[in-house]
Amino acid sequence: MNETLQLMQQHRSVRSYQDKPISQQTLDAVLDAAWKGPTSINGQQVSLVVVQDAEQRQRIAEIAGGQPWIAQAPVFIAVVIDFHKTRLGVEMAGAQQTIHNSVEAFAVGAVDAGIALGNLMTAARSAGLGVVPIGGIRRDPQAMIELLQLPELTFPLVGLALGHPDQEGSVKPRLPRDSFVHNGQYQAEALPGHIAAYDETLRQYWQDIGRGDGEPWSRNTAGYYRNVYFPKVAPVARSQGFGFDQ
């Protein structure tokens, strides 16, 4: 197995960082890995906002619900769905953009943002940096929009804190592979057994790392998914000019 595959199969989230800057050369190389990534129809409907200012990072930590590692890491990257940029191009071609009024726009924007995020994480970790993705910026997306001065038809979907690790995180076990890789057809009948087995695996994992507050996967997921846990996403997206009726 080559080094890239080994790196990707050993993902760990880092939530403790050294007080040490990232060199501009390294940061640019990480950003370029996302910039050069694929996007649907080459629309390039993703932009990155790189935040290195300490006060801004502290504010993002608060917006995300109190995540101190965002303020501690020297760099935070906001991954933004960007149909403002595409609308300018469409209008330069003499046409009118309508895609942003559809669910498809948010879907393709989210897919391309995910590709960019994955490239950022792999590139950063290959450079010896630690990372942790931050979905918590969607807790108050309007505050992020104002902080980053995002224009209409953009939305801050996810972020990434990165820096030199102070303490490495551990590799968390996953659901059984057969619950993830389905050959030929979706294998629904096996899922309850996979989930029960994983709940037990995760209980043991939390015990091994001394996390008395760790919960099994089913209970932890229920704590989030029984509600819309970031309810501001839809109204703020609509206020940014996105529609979901097509």
Side-chain angles (χ1 to χ4, degrees), residues 1 5-19 57-79 110 113-114 117-118 120-122 124-126 128-141 144 156-182 186-233:
M1 186 184 299
L5 290 174
Q6 289 178 341
L7 182 77
M8 295 178 74
Q9 293 185 23
Q10 293 293 314
H11 170 77
R12 61 197 72 201
S13 291
V14 173
R15 293 182 173 87
S16 180
Y17 296 94
Q18 300 175 37
D19 183 16
R57 287 187 283 107
Q58 178 59 48
R59 177 61 182 136
I60 295 170
E62 295 166 359
I63 290 169
Q67 299 191 42
W69 39 87
I70 298 174
Q72 187 184 43
V75 176
F76 182 85
I77 302 170
V79 184
L117 178 65
L120 288 170
M121 290 194 296
T122 300
R125 293 188 62 233
S126 73
L129 301 173
V131 299
V132 57
I134 306 292
I137 62 172
R138 298 193 304 278
R139 182 182 300 273
D140 190 352
M144 286 295 298
L157 192 69
V158 67
L160 185 70
L162 63 158
H164 297 278
D166 184 34
Q167 296 178 6
E168 287 281 3
S170 56
V171 179
K172 188 181 297 181
R174 297 294 194 259
L175 278 159
R177 190 176 188 274
D178 285 346
S179 72
F180 180 71
V181 178
H182 299 256
Y186 191 94
Q187 306 297 317
E189 69 283 350
L191 286 177
H194 291 322
I195 292 170
Y198 182 56
D199 276 350
E200 185 55 40
T201 297
L202 209 52
R203 283 193 191 95
Q204 186 62 52
Y205 167 78
W206 294 129
Q207 181 177 328
D208 291 345
I209 67 171
R211 277 281 304 274
D213 60 337
E215 292 187 320
W217 179 81
S218 56
R219 188 182 305 161
N220 179 74
T221 305
Y224 288 97
Y225 286 178
R226 64 187 175 190
N227 303 302
V228 179
Y229 58 93
F230 292 154
K232 296 181 180 179
V233 169

Looking only at non-hydrogen atoms, find the nearest pair between [X] and [Y] and report the distance.
X	Y	value
Pro216	Arg203	CG-NH2, 3.9 Å
Leu162	Ala73	O-CB, 3.6 Å
Ser13	Pro133	OG-CD, 4.2 Å
Pro156	Pro141	CG-O, 3.9 Å
Met144	Ile60	SD-CG1, 4.0 Å

Between [atom1] on residue [X] and [atom2] on residue [Y], distance to nearest 0.5 Å:
X	Y	atom1	atom2	value
Arg57	Phe76	CZ	CZ	10.5 Å
Ile209	Ser170	CD1	OG	4.5 Å
Ile63	Gln58	CD1	CD	10.5 Å
Tyr224	Tyr229	OH	OH	8.0 Å
Asp140	Glu62	CG	CD	11.0 Å
Leu175	Trp217	CG	CH2	5.0 Å

With the side chain counted from C-beta on, respond yes when [X] and [Y] share a heavy-atom pair under 4.5 Å apart, and no when they do not.
X	Y	result
Val131	Leu120	no
Leu129	Arg125	no
Arg12	Glu168	yes
Asp19	His164	no
Leu7	Ser126	yes
Arg15	Gln167	no
Val132	Trp69	yes
Ile77	Val75	yes

Using only atom types and a distance under 3.5 Å, with no angle test, would you say the side chain of [X] pairs donor to acceptor with the backbone of [Y]?
X	Y	result
Thr221	Ser218	no
Glu200	Ala197	no
Tyr198	Pro173	yes
Tyr17	Val14	yes
His182	Gln187	yes

- Item | Candidate pair Phe180 and Arg174, rule side chain to side chain contact (heavy atoms under 4.5 Å, CB included), full reasoning | CA-CA 9 Å; Phe180 180 71; Arg174 297 294 194 259; over 6 Å; no
- Task: Report the C-alpha separation of Leu160 and Met121 in whole Å, then their side-chain angles, then the decisive distance to 0.1 Å, and conclude whether the side chain to side chain contact (heavy atoms under 4.5 Å, CB included) test is met.
- Result: CA-CA 8 Å; Leu160 185 70; Met121 290 194 296; 3.6 Å; yes
- Kindly indicate, with the supporting measurements, whether the criterion side chain to side chain contact (heavy atoms under 4.5 Å, CB included) is fulfilled by Leu157 and Val79. CA-CA 6 Å; Leu157 192 69; Val79 184; 5.7 Å; no
- Full working for side chain to side chain contact (heavy atoms under 4.5 Å, CB included) between Phe230 and Val233: CA-CA 6 Å; Phe230 292 154; Val233 169; 4.0 Å; yes
